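Everything below concerns the one structure shown next.
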Amino acid sequence: MKTRIQSDLQASAKAEQEALEKERLLKEQKLYRDQDFIRYYYSVTVHIQELKDKHFSTAAQFSGKTKSEQKALIKELQALAVTTRKELEGATIASTSQLLVDAKYAYINSLDAYRASLDQLLEKLSLGSLTPDDLLTMRNQISFINQWNTATALQYQAMATWEAVYVTKQRAVPKVQPAQVSPAQWKSYPYHMRNFLAAEALVKGQQFYPFYPEDLTARIDSVLQGETATTLGWKDIDQAARMLEATDAVRLGDFQSMRAQLYPDLKAPEIPTFSK
C-alpha cells in the first residue's frame, strides 16, 4: 500500500512538473511554431489529402463499372493507403507540437482501419456489385471514420492552440463541445477555435465527407452573418453542423470561395491550407 501511494505521488509530481514546463514553453512561445505546421503539412497533410481526394474521385467512377473494374479501383486505393502509411511513418514531427505528433499517429491508425474497410468492401463485391455510395460514404465503416475524424480534430486543435499562443495570447484552448456552444458563443470565438469545434462536430457526426472543417466553419459563419440561424432553429453548433450536412449545404472549397468575404484579415499558420 505504501509503495502504491509513493508511486501515485511520484506520478502526480511528474505530471505537475510537465504541466509547468509546458506552461513555461507556451509563455516563451516555443511550442506550436509555424515551422512545426509547415513540416507537418508537407510530411503528413499532403499525403492524407491525396488519399482522401483519390477516395472520392474513385467513388465517382464506380457507377457503371464491372465487378472486375471495381475491384481494380479498390486495389488502387489499398496500394495508395500502404504508400501513404509509409510516408507518415517516415515523417518527423517536432515534439514541440505534441498534438501534431498525436494527429500523425492517429492518421496512421486510421489508415490501417481504412485498409480493413476496403477488405470488407472487396468481400462484399465478391457477393455482388458495389454502389458508388458504398465507397463514397464508407457506410458502416465506423472504426475507420472515427479514427480519421479524430486525427483531423487533433490537427485542428493544434492550430487552435497556435492561435491561443500567438494571436489571442490566451495560451489555452477552451474546453467545450459543439453541443455546448450557442451561435452567439460561436461568433465570439476566434477563427481556429471555430475550426476546431467544426472538426469536433464531424467526429460526433460519424460521417466521412469530402470537405474539411474550414469548409463547415465558412458555411456556418456565412449563415450567421446573414442572421438566418434563428429562422433555421439552430440552438447549438452541433445541431447547426448536422442540419447543414443533412441538406448537403457544405461543399469542398467553401472556405476558399468565401474567404475574401468572411476572413479578409485571417491570421493562420503559414501553410497552403489558408493561403489566398
Side-chain angles (χ1 to χ4, degrees), residues 34 37-38 40-41 45-46 48-50 52-53 55-57 59-60 103 136-137 148-149 151-164 166-168 173-174 176-179 181-205 207-276:
D34 269 24
F37 287 93
I38 293 169
Y40 179 88
Y41 179 86
T45 304
V46 165
I48 287 298
Q49 288 181 346
E50 180 186 3
K52 187 174 181 179
D53 290 346
H55 174 92
F56 286 100
S57 66
L136 181 69
T137 64
W148 181 282
N149 288 341
T152 301
L154 286 167
Q155 177 180 318
Y156 282 80
Q157 184 180 3
M159 286 186 269
T161 303
W162 171 91
E163 180 178 60
Y166 298 101
V167 181
T168 64
V173 175
V176 293
Q177 290 297 312
V181 177
S182 69
Q185 289 172 310
W186 166 273
K187 292 168 73 172
S188 73
Y189 284 130
Y191 175 73
H192 294 286
M193 178 61 195
R194 300 202 301 278
N195 270 352
F196 173 43
L197 285 169
E200 286 287 297
L202 293 175
V203 171
K204 184 174 180 181
Q207 298 290 329
F208 190 46
Y209 292 111
F211 60 79
Y212 292 91
E214 62 267 23
D215 296 315
L216 176 56
T217 297
R219 185 56 61 187
I220 293 173
D221 285 344
S222 177
V223 171
L224 292 178
Q225 190 179 68
E227 300 297 336
T228 57
T230 302
T231 304
L232 293 172
W234 291 0
K235 291 181 171 52
D236 57 62
I237 295 306
D238 179 61
Q239 182 187 39
R242 284 188 282 112
M243 288 182 67
L244 290 170
E245 292 158 12
T247 55
D248 291 328
V250 188
R251 292 284 185 271
L252 176 65
D254 276 349
F255 164 72
Q256 288 296 343
S257 68
M258 292 189 274
R259 176 184 171 138
Q261 173 192 352
L262 296 175
Y263 318 112
D265 302 311
L266 179 63
K267 294 180 175 62
E270 295 181 2
I271 55 176
T273 302
F274 301 106
S275 62
K276 295 183 179 179

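Reckoned from all heavy atoms, side chains included, excluding hydrogens, waters and symmetry mates. Predicted model only: the values in this text are computed from it and were never measured.
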Locate the shortest heavy-atom distance separating [X] from [Y]; write the atom from each residue and the value.
X	Y	value
Thr217	Ala198	OG1-CB, 3.4 Å
Ser222	Met258	CB-SD, 3.7 Å
Asp34	Pro269	OD1-CA, 4.0 Å
Ala201	Ala241	CB-CB, 3.8 Å
Val203	Ala153	CG2-CB, 3.9 Å
Lys204	Ala179	NZ-CB, 4.2 Å

Hey, what's the ring geometry for Trp162 with Tyr166, parallel, tilted or perpendicular (30° and 60° as the breaks)? tilted
Would you say Gln185 has more than 12 foreign heavy atoms packed within less than 6.0 Å of its CD? yes
To the nearest 0.5 Å, what is the distance between [atom1] on [X] and [atom2] on [Y]?
X	Y	atom1	atom2	answer
Asp215	Ile220	CG	CD1	11.0 Å
Leu197	Leu216	CG	CG	10.0 Å
Tyr40	Gln155	OH	CD	4.0 Å
Ile38	Thr45	CD1	OG1	12.0 Å
Glu245	Met243	CD	CE	11.5 Å
Thr168	Lys267	OG1	NZ	11.0 Å

Side-chain H-bond candidate by donor/acceptor type, [X] with [Y], under 3.5 Å:
X	Y	answer
Trp186	Asp221	yes
Glu214	Tyr156	yes
Gln157	Glu200	no

Taking C-beta and beyond as the side chain, do [X] and [Y] meet within less than 4.5 Å on heavy atoms?
X	Y	value
Glu163	Met193	yes
Pro183	Lys235	no
Thr152	Leu202	no
Tyr189	Phe196	no
Met159	Phe37	yes
Tyr41	Gln49	yes
Leu244	Trp234	yes

Evaluate the side chain to side chain contact (heavy atoms under 4.5 Å, CB included) criterion for residues Leu266 and Phe255: first the C-alpha distance (whole Å), next the side-chain angles of each, then the deciding distance (0.1 Å), finally the verdict. CA-CA 12 Å; Leu266 179 63; Phe255 164 72; 3.8 Å; yes
Run the numbers on Ser182 and Asp236 for side-chain hydrogen bond (donor to acceptor under 3.5 Å, both in side chains), then give the verdict. CA-CA 4 Å; Ser182 69; Asp236 57 62; over 6 Å; no
Backbone N/O of Lys187 and side chain of Arg194: donor-acceptor pair under 3.5 Å: no
For the pair Asp53 (side chain) and Glu50 (backbone), establish whether a donor and an acceptor sit closer than 3.5 Å, ignoring hydrogens and angles.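 The answer is no, because no donor-acceptor pair under 3.5 Å joins these two groups.
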What I want to find out is whether Asp238 reaches Arg242 closely enough, with some N-O distance under 4.0 Å, to be called a salt bridge. yes
Working note: Phe208 + Phe56, criterion ring pair (Phe, Tyr, Trp, His ring centres under 6.0 Å); need CA distance, chi angles, decisive distance, verdict. CA-CA 10 Å; Phe208 190 46; Phe56 286 100; 5.1 Å; yes
Geometric cation-pi criterion, Lys52 with Tyr212: 6.0 Å, 45°: yes
